[in-house]
Amino acid sequence: MTVHTQIEPVAGPEHLLKTQRGEPVTMLEAISEALFEEMVRDESVFLLGEDIGVYGGAFKVTRGFLEHFGERRVIDTPIAEGGFTGAAAGAAHMGLRPVVEIQFMDFISPAYDVITNYIATSLYRGAGPMPLVIRGPVGGGNRGGPFHSQNVEMAFFHTPGLKIVYPSNAYDAKGLLKAAIRDDNPVLFEEHKGLYRAPALREVLPDDDYTVPLGVAKTVRDGSDLTIVTYGAMVHKSLSAAETLDVEDGLSVEIVDLRTLLPMDDDAIVESVKKTGKLLIVHEDTRTGGIAGEIAIRVSEKAFEWLDGPILRVTAIDAPVPYSGSLEDYFLPQADDVITAARYLAAY
Amino acid sequence: MTVHTQIEPVAGPEHLLKTQRGEPVTMLEAISEALFEEMVRDESVFLLGEDIGVYGGAFKVTRGFLEHFGERRVIDTPIAEGGFTGAAAGAAHMGLRPVVEIQFMDFISPAYDVITNYIATSLYRGAGPMPLVIRGPVGGGNRGGPFHSQNVEMAFFHTPGLKIVYPSNAYDAKGLLKAAIRDDNPVLFEEHKGLYRAPALREVLPDDDYTVPLGVAKTVRDGSDLTIVTYGAMVHKSLSAAETLDVEDGLSVEIVDLRTLLPMDDDAIVESVKKTGKLLIVHEDTRTGGIAGEIAIRVSEKAFEWLDGPILRVTAIDAPVPYSGSLEDYFLPQADDVITAARYLAAY
Amino acid sequence: MSDRSSYGLGRAELHELYRALTLTRAAEERLEILQKQGHVTGGLYRSLGQEAGAVGAAFALRRRDDGTGDFLAHTVRAAGALFLFGGELEDFFRQYMAKGSGPTRGREANLHWFDFQKGFVGPVSPLGTMIEIMAGITLTFRMRGEERIGMVFYGDGASSTGAWHEGLNFAAVQRCPLILMVENNQWAFSTPTHKNTRVATFADKGPGYGIGADSVDGTDVLEVFDTVRRAAALVRAGEGTRLVELRYFRRLGHAQHDPQEYVDPALIEEWEKRDPIAGYRDRMLRNEWATEEELSAIEEEVFERCRIAAESVVEEPNPDGPSAVYDVYTDLDIARPWTRAEPAVP
Amino acid sequence: MSDRSSYGLGRAELHELYRALTLTRAAEERLEILQKQGHVTGGLYRSLGQEAGAVGAAFALRRRDDGTGDFLAHTVRAAGALFLFGGELEDFFRQYMAKGSGPTRGREANLHWFDFQKGFVGPVSPLGTMIEIMAGITLTFRMRGEERIGMVFYGDGASSTGAWHEGLNFAAVQRCPLILMVENNQWAFSTPTHKNTRVATFADKGPGYGIGADSVDGTDVLEVFDTVRRAAALVRAGEGTRLVELRYFRRLGHAQHDPQEYVDPALIEEWEKRDPIAGYRDRMLRNEWATEEELSAIEEEVFERCRIAAESVVEEPNPDGPSAVYDVYTDLDIARPWTRAEPAVP
Ligand SMILES: Cc1ncc(C[n+]2csc(CCOP(=O)(O)OP(=O)(O)O)c2C)c(N)n1
Ligand SMILES: Cc1ncc(C[n+]2csc(CCOP(=O)(O)OP(=O)(O)O)c2C)c(N)n1
Ligand SMILES: [Mg+2]
Ligand SMILES: [Mg+2]
């Protein structure tokens, strides 16, 4: 059973109380705070993952947690993503709310079976709710090569029963992670490692117990000529492209940050497309079978009449993520690609 | 090293020589013949899978193979889809051409890691070609429940380096499987179990060593009012819907059978859409994140100007495959759904 | 132990064991009748010759129906354990007939069902998974300081899977109070055990996980009971995870559609002589733990229960097609096909 | 064996072992310099204190460069084995610097590289996978009746993965001629071995797969060599798969970015005293297998080779960005971004 405790100022490691002190936090710190506050609030929340205890996680998201919450609630697991994700599912059956860290989300693949076949189908099979969060770092640009750079949303986007969240900033990351932990459905939570400590994303967060609801996109820039639908790190490349397009071309670009990929906020997308008549989708993930397709067909179904041009996309190329910087920069979609695509579409 | 032997009439078990005798074969028999002929032709081809030897496979695709080729080339494996698919990859490195059977394709999930991370990336990582076929039964309608009914294309469609084939009839199945075995890239080969022994699909095949090239779709019905893009079992539901639409509505429906899903034959799709101006996509797989999205955005990119109506889709609902007949029938897309959707689009 | 030992069990308990054994067999035999009548959806799995393994093992656990007892993850060949844990006979038939009134309301097959109050969690098809799940379930017992333990069944073939290993190793390292029962029936579908593992006995796998392991004649319900009782005591006392191999033979095909032509008939005959129910029956009579009348009464009672339950369940309705959209999420409805709405609009 | 035993190795071979050991260390130390200069892409992994395990084991195999020798699947901590199998020092640096001239042309990292003629296949990051791959590679040796055997390295932590189990079990059942070397350096990143497995020694895992297993002091290059030589003889003679545990200690962090604050410094000090290279050096001198001058000459030669190779590789070009589209398929080009074409048309 979930036990809800009062939210009140708590004691804890210094670095997890920045928001309480009114100090700005990075996206990584926002995520740590969300985990910390949820664990304080609800003692059924606990953590499992590789090296999350004494080391505090490969990216230090759970630094200080072991000392504060003890070994019972911060479990260093064997290297067995399938095994410990399955164990988390078992714990969820018993009323706990596990949060699993995958050290790099690329290593979620050994858990593909248990996530898609067991966890996502639990409710449907009559085994009850499955309050379980699987979180970890994703994304390229850090010279991590093919196995430390992947985006994993499309491995799971096709799985009914799952929710998928992918925040682009500290505020959303904290509020969405809290909402994910409180959700009774399994949630995959992707954290772009390029945003973790990005200085530009440091911000002072509200010091109350806010959540950001799952399934609701956010218009992060208003515009009238063109809609860009995007998420994660690409929100920022899109914003920078939009600035250039404004200054150099006088183009007014609207940007919708999906925040939750599954379920998708169709209304927000359709509303924007109805306003601008032009849709560009930008995602960091590879092209074929990327999320752009699903967005396109939903818009086709719901707003075909409003389209004044083709639905286009800017994405990574269809290859494994290459290691060297020069290759990876070519591989990834860049702000310049967004600019070129937007110009093409605007002129259409 | 691949050894190519002459093709000439061979001796073998009776039931594998039907085409040589001019008799009609089912799609299942066509698949067996393809495997048999390739193993005769090229001694680097060998088989791995659960119960494929003495039992001849859960669906009897390899019945008689153990007796004919011996234990060296027909290997009954432990229940370890990841392990034996990985072993097949190792053998492919050494110049063999393994064909892996997954007993039900639902059980490919433990091999998700090795397929996406190792096999599909081998060439790119500099480890050379990976001539490897992974084949097995897919699809619903057989009251198999959530774990014996899945279509698995979308788990792998997003994986650069893989090819994905999904035949709809005996002729294609045989020719595509032979082409897949001769391909130097890893190929996922989906066989709809509802088509395996469908009497309507029995046909006399050419008795020469034909192949059907990967990546080439086929227009299985000519029409001018509307294009249906589909594959696998849905080809037949679409054909039956098209007959009704012809008779009852005087509608002329063109049907494109993709045959290969990855790489996709954009030209065939675009050409048909340019002719009819209307596109309906029909797939048996669940809706969100299904292949319809990718088709839609490609058509948007390449033939937006030719569209006279929204791109629409008929698919399964977004749920695990339910067990009971009444539920499964509701879950699956039916010919009536195709008819309704086509009427809507035609009237648009 | 000697043929005369009842391992401390009283007459009532000895009779209860016999009832559970005969119920397992009678329920499965009734299924065969239902199948011939066309009432069964999907495959039919028998545990003929394996009944004593499931029954003896489950009998050694603490069974409660208020969520405080031990916890079971059965397989399709462990119906006897499921019944002992309070799985209803009617639900057994409902599941096999995919009835809307069954615990999974027609969404899932046969023994794949759940009752967390009674303490059982049914399997999914992908083999090995349930060890991971049970590792997590029993982890919570340890975390909460509860005295409960868990038991998970799996066949010999399932031991080849990565999930089996990851789950068992996790449980071992975390000292989860869990007993893994290896149902070594010498076959995995058509594959003999030696093609799934090179060990002669699964007890050899224990030391590789740093855990204790036993191997027991799975046709002897009292031996199984006693072995598991002792294992359970160690596990409950904090030793952590253990493994128990049940040695027996799958006397029918993998499922009803498998004529098992690959099995030497002499072997089947040999194992028929070691039938766990007939053997136990004889022993009860021999040792005067029961009279012929008592046993016949149990058999008749069980037969009737199965007949009546099956007959009543046959009449129950199939699930309503459109209910297929419920329960994908706790808080969201998935879309119904737009082509089935009036009017049909995308 | 006694300190005086050279296990039948002649002076030249004993010197070759020393060269391989020092080369490993010198190459890695050179990498650290390159990293400080900003030339290294991604993480840097050291094998400090583990050099003798890789070198002694690989030395016991048949190394050829024409595709007829034994086969190696190394890890990032087994550079010594890779060098013995003919992996070029220049390629080692090229890989760490992600040069276009390297064997993976900048697509993959560090020791993740391949040469099937020389007989080695580099790892991928997901742990355990390479046992599956090597099971398949060595299966072909058996299928073709070749006398070759394989060797796959993995750390203690990797043993928790399902891939490790599925691969090892497949190999065992299929009697694949394969030796699994467990690099037990007592840590998996920050996780001590006892949190990855409950066994005290990985040799206990052998019986669970029905295979033979040894455990050896991984700081003693001659002991390692001798143990693996005997294991290899058994494997080659048809025994099938075996396992050898190397016992040592990871004396530096998981990678260079890890200050390993979680390790007791006293332990590190203790293991410094058991340095495999210093120990072997002393032993060579003590037993007069080499003179001080000979050893110094080797050290100098190796140091110079590393310096020169690194310096020349630094100058080599990075891969050309647009080459990122090649080699996804053997027969198809993937699309370049339409936004980078002139004119830009979707
Ligand atoms: C991962 C996975 N692969 C394949 C199957 C198909 N399958 C179902 S039962 C079975 C044999 C199981 O044998 P065993 O574990 O010994 O159990 P038994 O049927 O003998 O009780 C197989 C291969 C499966 N369920 N899961
Ligand atoms: C499946 C998987 N999960 C997680 C990781 C991340 N990871 C890389 S190395 C490592 C520790 C490996 O420890 P061990 O196997 O003992 O090797 P060592 O580094 O000690 O040589 C981890 C967890 C991975 N590579 N693969
Ligand atoms: Mg079995
Ligand atoms: Mg280690």
Side-chain angles (χ1 to χ4, degrees), chain B residues 50-58 75-84 103-104 106-107 109-110 113 142-148 286-288 310-331 333-334 336-345, chain C residues 41-43 95 97-100 102 104-110 112 124-128 155-164 188-192 195-197 254 258 260-262 317-329 334-341 343-346:
Chain B
E50 293 154 13
D51 306 295
I52 64 170
V54 62
Y55 195 74
I75 301 179
D76 270 329
T77 61
I79 303 173
E81 286 78 6
F84 64 74
Q103 193 159 84
F104 285 80
D106 314 55
F107 303 127
S109 48
D113 182 24
N142 62 320
R143 315 323 183 196
F147 309 114
H148 292 79
T286 56
R287 190 169 189 81
T288 297
I311 301 170
L312 298 179
R313 56 183 161 168
V314 165
T315 69
I317 60 172
D318 278 329
V321 189
Y323 182 53
S324 103
S326 53
L327 295 172
E328 193 182 25
D329 286 345
Y330 187 86
F331 167 89
Q334 304 295 352
D336 274 351
D337 297 306
V338 179
I339 292 170
T340 305
R343 281 186 180 141
Y344 176 90
L345 206 46
Chain C
T41 298
Q95 282 292 106
M97 292 192 255
K99 293 293 184 186
T104 70
R105 280 171 294 163
R107 275 90 169 272
E108 245 287 41
N110 54 60
H112 296 200
V124 287
S125 298
L127 295 165
D156 48 299
S159 71
S160 303
T161 65
W164 195 95
F189 204 155
S190 73
T191 305
K195 289 198 172 179
N196 262 301
T197 178
H254 173 63
D258 168 20
Q260 59 172 357
E261 289 156 352
Y262 47 84
N318 291 322
D320 192 31
S323 75
V325 302
Y326 300 133
D327 297 327
V328 177
Y329 293 93
I334 62 157
R336 297 187 178 280
W338 65 273
T339 42
R340 295 174 204 169
V345 179

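Within every chain, numbering begins at 1; the chains are lettered A, B, ... in the order of the sequence lines, protein sequences first and strands thereafter.
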Open item on the list: Between A344(C), A98(C), S323(C), G106(C), who has the most heavy-atom pairs with chain B when the cutoff is under 4.5 Å?
Closed with: G106(C)

Open item on the list: Counting only non-hydrogen atoms closer than 4.5 Å, does W338(C) touch chain B with its backbone (N, CA, C, O), its side chain (CB onward), both, or neither?
Closed with: side chain

Open item on the list: Less than 4.5 Å apart, side chain to side chain, heavy atoms only: is that true for D336(B) and T339(C)?
Closed with: no

Open item on the list: Given heavy-atom pairs under 4.5 angstrom as the criterion, report whether the side chain, backbone, both or neither of S109(B) touches chain C.
Closed with: neither

- [ ] Using a 4.5 Å cut-off on heavy atoms from C-beta on, say whether the side chain of R107(C) contacts that of P146(B).
- [x] no

TODO: Pick one of side chain, backbone, both or neither for D327(C), based on which atoms fall under 4.5 Å of a heavy atom in chain B.
DONE: neither

- [ ] Against chain C, label R343(B) side chain, backbone, both or neither, depending on which of its atoms sit under 4.5 Å from a heavy atom there.
- [x] neither

Task: side-chain contact (heavy atoms from CB on, under 4.5 Å) between Y323(B) and T104(C), worked out - done: CA-CA 10 Å; Y323(B) 182 53; T104(C) 70; over 6 Å; no

Open item on the list: Within the structure provided, determine whether F189(C) and Q103(B) are in side-chain contact (heavy-atom separation under 4.5 Å).
Closed with: yes

TODO: Work out which heavy atom in A319(B) is nearest to a heavy atom in I334(C); give both atom names and the distance.
DONE: CB-CD1, 4.1 Å

- [ ] Please work out whether the ring planes of Y55(B) and Y262(C) are parallel, tilted or perpendicular, with thresholds of 30° and 60°.
- [x] perpendicular

TODO: In sequence, state the C-alpha distance, the side-chain angles, and the governing distance for L127(C) and F107(B), and then conclude on side-chain contact (heavy atoms from CB on, under 4.5 Å).
DONE: CA-CA 9 Å; L127(C) 295 165; F107(B) 303 127; over 6 Å; no

Task: Heavy-atom pair with the smallest gap, counting every atom of P78(B) and N196(C) - done: CA-OD1, 3.0 Å

Open item on the list: Counting only non-hydrogen atoms closer than 4.5 Å, does A163(C) touch chain B with its backbone (N, CA, C, O), its side chain (CB onward), both, or neither?
Closed with: neither

Task: Note, Y330(B) side chain near R340(C) side chain (heavy atom, < 4.5 Å) - done: yes

Task: Contacting region of A335(C) [heavy-atom separation from chain B under 4.5 Å] - done: backbone

Task: Contact class of I79(B) relative to chain C, heavy atoms under 4.5 angstrom - done: both

Open item on the list: I need the residue from G157(C), P343(C), P319(C) with the largest number of non-hydrogen atom pairs under 4.5 Å to chain B.
Closed with: P319(C)

- [ ] Counting only heavy atoms closer than 4.5 Å, note whether P333(B) contacts chain C via side chain, backbone, both or neither.
- [x] backbone

TODO: With a 4.5 Å cut-off on heavy-atom pairs, point out which of T340(B), D337(B), I339(B) contacts chain C the most.
DONE: D337(B)

Open item on the list: Hydrogens and angles aside, do S324(B) and N318(C) bring a side-chain donor and acceptor to less than 3.5 Å of each other?
Closed with: no

TODO: For residues E50(B) and T191(C), determine if any side-chain heavy atom of one lies less than 4.5 Å from a side-chain heavy atom of the other.
DONE: no

Task: Heavy-atom closest pair, residues L327(B) and R105(C) - done: CD1-O, 3.6 Å

